[in-house]
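Reading through the structure tokens given below for one structure.
Computed from a predicted structure; not experimentally measured. Throughout, a chain's letter reflects where its sequence line sits, starting with A, and its residues are numbered from 1.
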Protein chains: 2
Amino acid sequence: MDLDAVRTFVAAADAGQFQEAAAELAITQQAASKRIAALERNLGVRLFTRTPRGAELSIDGQAFLPHARELLRVAERALMSVRTGSRPLRVDVIASRGAATGLMRDFHRAHPEIELDVLMLFDIETALAAIRSGTIDASFRAVTAPGRPLPEDIQSVRVLDEPLELLTGPAHALAGARSVPIAQLAGHRIWMPGIVPGTEWASYYDDLIAEFGLTIEATGPNFGSDALLDTIADTPALATFMGARTRLVWPATHGLRRIPVTTPTPVYPHSLLWHRANPHPALPILRTHLTTTSPGHRTTGTWVPAWAAPR
Amino acid sequence: MDLDAVRTFVAAADAGQFQEAAAELAITQQAASKRIAALERNLGVRLFTRTPRGAELSIDGQAFLPHARELLRVAERALMSVRTGSRPLRVDVIASRGAATGLMRDFHRAHPEIELDVLMLFDIETALAAIRSGTIDASFRAVTAPGRPLPEDIQSVRVLDEPLELLTGPAHALAGARSVPIAQLAGHRIWMPGIVPGTEWASYYDDLIAEFGLTIEATGPNFGSDALLDTIADTPALATFMGARTRLVWPATHGLRRIPVTTPTPVYPHSLLWHRANPHPALPILRTHLTTTSPGHRTTGTWVPAWAAPR
DNA sequence: CCCAGTCACAACCAACGGTTGTATCCATAG
DNA sequence: CTATGGATACAACCGTTGGTTGTGACTGGG
């Protein structure tokens, strides 16, 4: 199906005749006729009933018309998504099911008129480079990686501290606990596959291990969250960490348990990063939305890595 | 923008390389490379970063990808809308803002998984022919036109009696009335432009005029409901009829009044018509939905044309 | 150090899609 | 009844697009 033909179809449907549609599109009447004939041949139905005074939609044409308009609308938006200047706000989130995605969903609900593109970059270095080059407009990240202060031209605001919970199967030793002190996790096998060295997550868990003497197995390739959850559900000796706000798309029947961790509760600090000179009109709206809906952060009873602690 | 190029882009993004994408689409690697190069040229951005081991999405490519998928999805649905066999349920309504449209909206809310195409045919004759030929699946109409009994192979069920209300501007003599007996309308000018002779509406109003001695001016071309409402709002001597369920998209500030008509209340009887042998799986669901949510019809205090009265 | 595997460029060719010119149809006016 | 105007479709022509084949450049692994 050719988008030019669809455009011609919509123009002809609106005009009621091919000639005027052809004039609008700056082609000859014959070309418009050929385009629509080709479209009809591809679809296998007649879209217009031709009369000596114009062309009016057949019933199939009437049914097709709204779909054709939608198609052009979507094509237009697809084009806009890569047009510099007045393109959708591009926001990088740290994981597709994480808290930042939920925050963006909330933002979209609050401001459905703002066009959004949400993507996931590899690590904070990539994100910073993209923010500085203007390729993306904002990023949800832990505010700094260890030893690397934020550049001068990047601004940030802390928007959410997400508590980590323990995720176990029904047969796990801690499955019945309503909460578990972090000291009790020493000696339990905690499995976190797919943590890529060099990313903020790796730094975060390195610090967590060092601080509380945990044994985290980060080995093994990441076969996707489905495989991870499957293994956790079936293996009594394994557990994993998961952000409290992470949404699980998983049959509840598997009996996975989410157990809060306490004394202290490790939290992952999400900040929004952006370039101080970014002119995108939707960016201040996002910032305002996040700061006004942020629940704030407790500092007592929680733990964050030293490099992420508020100065 | 070429849909084939978009398809190639999505395939390459999924495969992570051009060669495999090209194999899926049954073209050569060079052709896929050219298609994506052309797409990048059209969009003005680089979608992939080429490596000697494949091609991975650039940031622009990541932003474009969901739009590309959506575009292909919409194109697929546009194609289905004219494919015989498993195409969306095609329902004809009598007016774009009338009660039947509202009923279909309710149905769509109740069954969002059912694909619908709603269209407006010229009159009941066209609708019957389209139902018999299978071009449409159902039609909302007054069950018969005068003197023309329903064919044997068409079935019908009465789903809604829609009361007619008087619509006036704020300066009209009846503007303050909470309701008006139909006998009081004799002598008032009632304006109904755009009623096409030969349609059910024309028959309906002919009967209404004959029964209650009204003077309805059906003259003048239809300049659209905006122009009609504009004139009604500004002309104290004019009023018009409007279905009680008709949704008005009109600034409330113009002070239009909707006044129920009584003793009796003229109602327009909407029936659903369909072919007894139509195999569309969604058709019985629509019928069940309509009959179970139908408010039923009062017969006392209401008026319908003799040809539409239940036998 | 070579090889396997990837993408890009060049040359060639068929097919698509545009234009111009023309025939046909029908409603309307004279 | 006929001429005319306005609409679509068909035919011929032709440039450009988009496919294939052949080849070169690049890079990571054995």
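In terms of the side chain to side chain contact (heavy atoms under 4.5 Å, CB included) criterion, residue partners of A/T49 (sequence neighbours excluded) are, by chain and number, A/E56, A/S58. Residues passing the side chain to side chain contact (heavy atoms under 4.5 Å, CB included) test with B/P151, sequence neighbours excluded: B/L128, B/R132, B/D153, B/I154.
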Given the rule in the side-chain contact (heavy atoms from CB on, under 4.5 Å) test, do B/Q62 and A/V118 qualify, once you have shown the distances and angles that lead to the verdict?
CA-CA 9 Å; B/Q62 282 189 52; A/V118 175; over 6 Å; no
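In 5' to 3' order, the nucleotides of DNA chain C bounding all contacts with chain A (an atom under 4.0 Å from a heavy atom) are C/dG18 to C/dT28.
Using modelled atom types, one side-chain atom of B/T8 and one backbone atom of B/D4 make a donor-acceptor pair closer than 3.5 Å. No side-chain donor-acceptor contact under 3.5 Å links A/S139 to the backbone of A/R141. A donor-acceptor pair under 3.5 Å is absent between the side-chain atoms of A/R69 and the main chain of A/V10, judged by distance alone.
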Do nucleotides 25-30 of chain D as a string where each nucleotide becomes B, S or -: B if the base has a protein heavy atom under 4.0 Å, S if just the sugar-phosphate does, - if no protein is that close.
--SSS-
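Side-chain contact between B/L273 and B/F140 is absent, with no heavy-atom pair separated by less than 4.5 Å.
Among residue pairs with one or both ends in residues 2-31 of chain B, those qualifying as ring pair (Phe, Tyr, Trp, His ring centres under 6.0 Å) are B/F9-B/F48, B/F9-B/F64, B/F18-B/F48; sequence neighbours excluded.
Residue-level contact check: A/Q19 touches the bases, meaning some heavy atom is under 4.0 Å from a base atom.
Regarding A/I36, its CD1 atom lies at a distance of 9 Å from the P atom of D/dT8, rounded to whole Å.
Between B/T51 and A/A38, the residue anchored nearer the 5' end of DNA chain C, judged by the nucleotide with its closest heavy atom, is B/T51.
Going from atom CZ of A/F241 over to atom CH2 of A/W191 covers 15.5 Å, rounded to the nearest 0.5 Å.
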I'd like a list of close polar pairs between nucleotides 9-11 of chain D and the protein, N/O only, cut-off under 3.5 Å.
unit_1, atom_1, unit_2, atom_2, d
D/dA9, OP1, A/R50, NE, 2.1
D/dA9, OP1, A/R50, NH2, 3.2
D/dA9, OP2, A/S33, OG, 2.5
D/dA9, N7, A/Q29, NE2, 3.2

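Side-chain contact, B/H275 with B/D137: no donor N or O sits under 3.5 Å from an acceptor N or O.
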